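Here is the structure we will look at, set down as structure tokens.
For this chain, numbers begin at 1 and follow the sequence in order. Nothing here was measured: the structure is a model prediction, and the numbers come from that model.
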Amino acid sequence: MSFRQNAWAKCWSIEPGERSTKVRISTSRKNKQTGEYEQDFSGFVTLAATAHQDAAQLSVGDTFQIGECEVTSRYDKEKQKNYTNFLVYSIHIDDKERPATKASAAAATMDDPDEGDLPF
């Protein structure tokens with residue numbers, strides 16, 4: 001899925017700080033020909049704002065969904081080097097359940113059959 005909003009990422013390391021948390025993450029994409037997952041992003045990401053607060057619940061090996069995020073870059077002329085920063089402002093930590101499929105989401109929103117609206 002690469003690094004983008006709503007992508008699922010796996011956490012490989014956590015470095016908490018006072019105002020932000022640095023995490024090393026990876027994302028994968030399923031190869032349609034082989035059926036295997038292939039890594040398509042790996043790197044350090046800065047969790048800020050509410051993502052920094054939620055990072056206290058994050059453990060190495062957990063997966064989470066990236067919420068609001070942005071990528072910035074700047075070029076240092078003196079060092080002749082480009083710096084790219086990956087920032088995440090909100091996350092949803094995986095509670096061991098992936099998002100519901102359309103069928104299960106529809107079933108979850110159905111009215112309770114004990115409501116008395118049934119014709120029998």
Side-chain angles (χ1 to χ4, degrees):
M1 275 199 156
S2 70
F3 179 84
R4 64 176 180 81
Q5 188 171 1
N6 297 323
W8 286 92
K10 183 167 185 171
C11 178
W12 296 102
S13 70
I14 304 170
E15 299 173 24
E18 189 175 318
R19 302 181 82 198
S20 64
T21 301
K22 185 179 273 191
V23 293
R24 187 169 57 90
I25 66 167
S26 66
T27 61
S28 300
R29 178 182 307 254
K30 190 171 187 176
N31 183 322
K32 293 180 182 179
Q33 295 174 343
T34 65
E36 299 291 322
Y37 283 90
E38 299 172 349
Q39 181 175 293
D40 59 1
F41 174 82
S42 177
F44 285 94
V45 174
T46 301
L47 304 180
T50 59
H52 169 61
Q53 296 166 355
D54 293 340
Q57 302 170 23
L58 196 62
S59 300
V60 172
D62 285 351
T63 57
F64 64 91
Q65 190 172 25
I66 299 170
E68 276 189 77
C69 61
E70 72 176 345
V71 178
T72 61
S73 65
R74 68 175 179 86
Y75 181 73
D76 187 332
K77 283 185 178 182
E78 289 181 13
K79 296 180 182 179
Q80 295 184 349
K81 188 171 182 178
N82 192 37
Y83 295 93
T84 304
N85 300 302
F86 297 91
L87 302 165
V88 176
Y89 300 109
S90 65
I91 62 173
H92 170 72
I93 297 176
D94 185 9
D95 54 2
K96 307 303 179 216
E97 294 182 23
R98 292 292 183 179
T101 63
K102 289 181 183 176
S104 62
T109 59
M110 291 177 59
D111 291 335
D112 186 2
D114 295 330
E115 293 286 351
D117 294 335
L118 297 176
F120 50 88

Checklist line | Glu68 backbone acceptor or donor facing Ser90 side chain under 3.5 Å | finding: yes
Check: If you link I, L, V, M, F, W and Y whenever their side-chain heavy atoms are under 4.5 Å apart, who else ends up in the same group as Tyr89?
Finding: Leu87
Notebook entry, point to check: Which pair of non-hydrogen atoms, one from Val88 and one from Ala51, has the smallest distance, and what is that distance?
Noted result: O-CB, 3.6 Å
Next item on the list: Return the set of residues passing side-chain hydrogen bond (donor to acceptor under 3.5 Å, both in side chains) with Glu36 (not counting sequence neighbours), or none when no residue passes.
Entry: none
Note to self: Suppose we screen for side-chain hydrogen bond (donor to acceptor under 3.5 Å, both in side chains). Which residues come up paired with Ser26, at least two apart in sequence or across chains?
What the structure shows: Trp12
Check: What's the spacing between Glu15 CD and Ser20 OG if we round to 0.5 Å?
Finding: 10.0 Å
Note to self: Has Gln65 got a side-chain atom pairing as donor or acceptor with Asn6's backbone, closer than 3.5 angstrom?
What the structure shows: yes
Check: Mind checking what makes side-chain hydrogen bond (donor to acceptor under 3.5 Å, both in side chains) contact with Asp76, not counting sequence neighbours?
Finding: none
Note to self: Please give me the minimum heavy-atom distance between Arg4 and Cys69, naming the atom from each residue.
What the structure shows: C-SG, 4.0 Å
Notebook entry, point to check: Without hydrogens or angle criteria, can the side chains of Thr27 and Asp40 be said to hold a donor-acceptor pair below 3.5 Å?
Noted result: yes
Margin query: For a quick test of reading the model, state the closest non-hydrogen atom pair linking Trp8 to His92 and the distance between them.
Written below: CH2-CD2, 3.9 Å
Item checked: Closest approach of Ser73 to Asn82 (non-hydrogen atoms, all atoms of both residues) -> CB-OD1, 4.1 Å
Next item on the list: Can you establish whether the number of heavy atoms outside Tyr37 located under 6.0 Å from its atom OH is more than 12?
Entry: no
Next item on the list: Please list, chain by chain and in numerical order, all residues satisfying side-chain contact (heavy atoms from CB on, under 4.5 Å) with Lys32, sequence neighbours excluded.
Entry: none
Notebook entry, point to check: Quick one: side-chain contact (heavy atoms from CB on, under 4.5 Å) partners of Val71, sequence neighbours excluded?
Noted result: Phe3, Thr84, Phe86
Item checked: Connected via hydrophobic side-chain network under 4.5 Å: Phe44 and Leu58 -> no
Next item on the list: Not counting sequence neighbours, list each pair that qualifies as a side-chain hydrogen bond (donor to acceptor under 3.5 Å, both in side chains) and has a residue in residues 47-60.
Entry: Thr21-His52
Next item on the list: Answer yes or no: does atom CD of Gln80 have more than 12 heavy-atom neighbours from other residues, nucleotides or ligands under 6.0 Å?
Entry: no
Margin query: Looking at every heavy atom in both Gly67 and Gln5, which two are closest together, and how far apart are they?
Written below: O-CG, 3.2 Å
